[in-house]
Amino acid sequence: MLELEKMDIHIESVMELIKKYQSGISSGRVLPKASRREMEDLLFEEMPIQGKDAEAVIEEFADKIIPNSTKVGSARFLSWIITSPSQAGILGEMANIGLSQAPFLFKAGPAATVIEDMIINWIKGIFDFPEGAGGILVSGGSVSTLTALGAAREAMFPGVTENGMHSLEKPLALYTSKKAHASIDKAIGALGFGKKMLRKIGVDSQYRIDPKELEESIIKDRQNGCMPFCIIAQAGTSVAGAVDDIQRLSEIAKKYGLWLHVDGAYGGGAILTTKGKELLRGIQEADSISVDPHKWFFIPPEAGCVLLKDRRHLYNAYRMGQDEYNPKTPVEFVNYGIQSTRMSRAIKIWFAFKIYGTQTLAAAIEKNIELAKAFHEGLADIKGVSRLNNPMTSAVCFSFEGGQEENEGFLRYIEEEFFLSPAVLGGKHCIRACFSNYRTKKGHVEELLELIREFKRS
Ligand SMILES: *Cc1c(COP(=O)(O)O)cnc(C)c1O
């Protein structure tokens with residue numbers, strides 16, 4: 001009943017559209033011109049009771065949906081940290097959807113399960129995690145941190161998953177920098193720690209956590225009847241791309257007996273590069289790491305990864321049955337995370353890693369870092385523009401002297417050419433250019449700098 005008679009033709013029609021979209025991705029506006037209202041007028045309709053011809057629907061997709069989508073892969077997309085999905089990753093995702101595996105159990109996705117196991121091994125290898133480490137692919141950094149903190153809680157307070165938070169004697173306190181991503185608050189809220197128990201520690205001039213203030217806060221909590229539990233280090237803050245001194249934080253975590261989680265959703269991918277290895281020094285000491293393959297491994301969303309230094313903690317928090325952890329039992333991913341039915345996120349990563357090799361991925365990350373540096377240097381010569389950070393990764397924050405109003409004016413001024421996002425850093429409104437797109441070249445940086453000069457003259 002649900003078979004389409006001309007499925008072969010439809011696959012080709014869709015592929016044709018994708019081919020065209022991909023080859024023209026860097027030309028024209030990044031953001032569609034239509035307003036939300038106009039799109040609602042165009043797209044809203046009654047739920048269909050009777051279907052219609054698939055080719056007609058594909059045509060509608062071409063006419064109404066493609067032109068009203070953001071060209072995330074465009075060389076001129078410099079917003080947020082949505083990296084341009086790599087072409088190999090896209091191939092992998094298309095193949096993956098064709099297969100539609102559900103590797104929560106081996107039998108629901110045999111090869112997909114084995115490949116996920118292998119990819120987790122690859123990723124734990126690049127972070128120098130030991131033999132007993134493990135992890136799971138999830139939707140992204142948000143769920144990755146949620147998954148890690150749930151496992152950390154069970155690791156530190158065995159039985160809490162069963163007995164609930166009220167079984168603990170004292171409230172648990174967590175620590176991260178003021179610049180941490182909002183997904184950490186969400187995870188802490190969802191897990192029932194209470195958002196108020198997240199201590200947001202001050203930062204230095206480069207937006208890295210102040211280790212002294214962190215220690216003082218831990219000591220104070222101890223004195224006040226709280227139980228310090230976990231430090232969440234930032235490896236690439238989402239606004240300024242700042243990387244905390246992870247080595248130092250691991251020493252503090254050990255000194256006070258705390259769990260160390262590293263939020264490397266954005267910056268974790270830099271581990272593939274020489275500069276990244278330096279920046280992330282000490283990350284192998286972490287108890288858990290979040291890293292998003294859909295950020296700096298250029299995989300199409302969704303693809304997040306959570307790694308635990310000791311795989312058993314994921315199992316103890318998320319197992320389905322009552323069986324005790326056995327390191328020799330092959331992984332069934334349903335026991336290592338929150339989801340049951342789940343897509344394979346491994347197949348697209350498998351495609352990308354095999355087609356490019358880590359060498360090519362590393363070169364793309366290095367290029368992003370270089371462009372950020374070049375842009376930051378170029379800004380130095382422009383009067384009336386101030387630079388708010390010295391980029392450690394690939395995000396550059398700057399502001400016109402006229403503040404928010406002038407910044408917004410500039411974003412409108414360049415909207416036909418580039419898409420950048422407004423941000424707030426150190427209490428100041430700014431514009432953020434994040435270089436996380438492998439199609440962006442030196443010429444685009446020069447063009448953007450020229451637009452800034454032109455805007456200042458106008
Ligand atoms: C993007 C990001 C997150 C959230 O990850 P999602 O993949 O969007 O869920 C968390 N932390 C940091 C530092 C990020 O950059």
Side-chain angles (χ1 to χ4, degrees), residues 70 72 77-85 89 123 135-150 174-191 195 198 200-201 203 206-209 230-244 246 249 260-271 276 279-280 283 286 288-307 337-339 342-343 345 348-349 365 368-369 372 389 391-397 421 423-425 432-437:
T70 297
V72 171
F77 179 100
L78 303 174
S79 257
W80 306 302
I81 323 158
I82 312 182
T83 56
S84 37
I123 300 178
I136 185 168
L137 297 175
V138 294
S139 61
S142 308
V143 172
S144 171
T145 295
L146 178 81
T147 307
L149 293 182
L174 301 95
Y175 307 83
T176 195
S177 94
K178 276 195 169 125
K179 298 295 154 192
H181 192 269
S183 60
I184 297 183
D185 299 76
K186 275 200 211 178
I188 285 170
L191 287 165
K195 289 188 190 179
L198 178 63
K200 298 198 174 157
I201 309 296
V203 291
Q206 284 313 311
Y207 309 101
R208 289 169 299 204
I209 194 168
C230 175
I231 299 170
I232 299 153
Q234 296 302 309
T237 57
S238 45
V239 177
V243 180
D244 289 342
I246 302 173
L249 296 186
L260 177 64
H261 177 69
V262 177
D263 181 0
Y266 165 24
I271 195 78
L279 275 173
L280 299 166
I283 197 165
S288 54
I289 301 174
S290 294
V291 55
D292 271 0
H294 70 204
K295 285 184 177 163
W296 249 350
F297 292 156
F298 304 97
I299 303 297
E302 298 167 353
C305 175
V306 54
L307 292 178
I338 291 161
Q339 279 185 284
R342 52 196 292 276
M343 71 190 297
R345 300 183 173 96
K348 57 189 168 186
I349 300 176
I365 297 167
N368 285 164
I369 295 174
N389 72 328
M392 295 175 84
T393 45
S394 70
V396 181
C397 298
S421 45
V424 175
L425 188 61
R432 179 174 169 287
C434 187
F435 296 87
S436 53
N437 194 308

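For ligands, and for the atoms within them, numbers begin at 1 and follow the listed sequence. One is the number of the first residue; the rest follow in order along the sequence. Everything numeric here is computed off the predicted structure, so don't read it as measured data. Hydrogens, waters and symmetry mates are skipped; everything else that's a heavy atom, side chains included, is used.
Side-chain contact between Trp296 and Thr393 is present, with heavy atoms from C-beta onward closer than 4.5 Å. Contact check for Phe435 versus Leu78: side-chain heavy atoms found under the 4.5 Å cut-off.
Across all non-hydrogen atoms, the minimal contact from His294 to Gly140 is CE1-CA, 3.8 Å. Residues Ala395 and Gly241 share a closest heavy-atom pair of CB-N, 4.2 Å.
A side chain to side chain donor-acceptor pair (under 3.5 Å) with Thr176 holds for exactly one of His261, Gln234, His181, Lys200; it is Gln234.
At a threshold of 4.0 Å, the pair Lys179-Asp263 does not count as salt-bridged, since none of the basic side-chain nitrogens sits closer than that to a carboxylate oxygen.
Within the structure, ligand 1 lacks Gly304 among the residues with a heavy atom less than 4.0 angstrom away.
Side-chain atoms of Ser394 and Ser436 include no donor-acceptor pair closer than 3.5 Å.
Residue Gly236 has at least one heavy-atom neighbour below 4.0 Å for each of these atoms of ligand 1: 13 (C). Against a heavy-atom cut-off of under 4.0 Å, Ser238 is close to the following atoms of ligand 1: 15 (O). Atoms of ligand 1 found under 4.0 Å from any heavy atom of Tyr266 (numbered from 1 in listed order, with element): 15 (O). Atom numbering of ligand 1 starts at 1 in the shown order; those under 4.0 Å from a heavy atom of Ile81 are 15 (O). Per-residue contacts place Ala265 under 4.0 angstrom from the following atoms of ligand 1 (heavy atoms of the residue considered): 2 (C), 3 (C), 10 (C), 11 (N), 12 (C), 14 (C).
At a heavy-atom cutoff of 4.0 Å, ligand 1 is contacted by no atom of Val143, backbone or side chain. At a heavy-atom cutoff of 4.0 Å, ligand 1 is contacted by both the backbone and the side chain of Ser142. With a 4.0 Å heavy-atom cut-off, ligand 1 is reached by no atom of Glu302.
Checked against a 3.5 angstrom limit, the closest N/O atoms of His294 and ligand 1 fall inside it.
Panel note: side chain Asp244, backbone Ala233; no donor-acceptor pair is recorded below 3.5 Å. Panel note: side chain Arg208, backbone Ala242; no donor-acceptor pair is recorded below 3.5 Å.
Atom 11 (N) of ligand 1 has as its closest protein heavy atom Asp263 OD2, 2.7 Å. In terms of protein heavy-atom proximity, atom 8 (O) of ligand 1 is nearest to Lys295 NZ, 4.1 Å. Nearest to atom 6 (P) of ligand 1 among the protein's heavy atoms is Gly141 N, 3.2 Å.
The residue from Asp292, Val239, Val291 that puts a heavy atom closest to atom 7 (O) of ligand 1 is Asp292.
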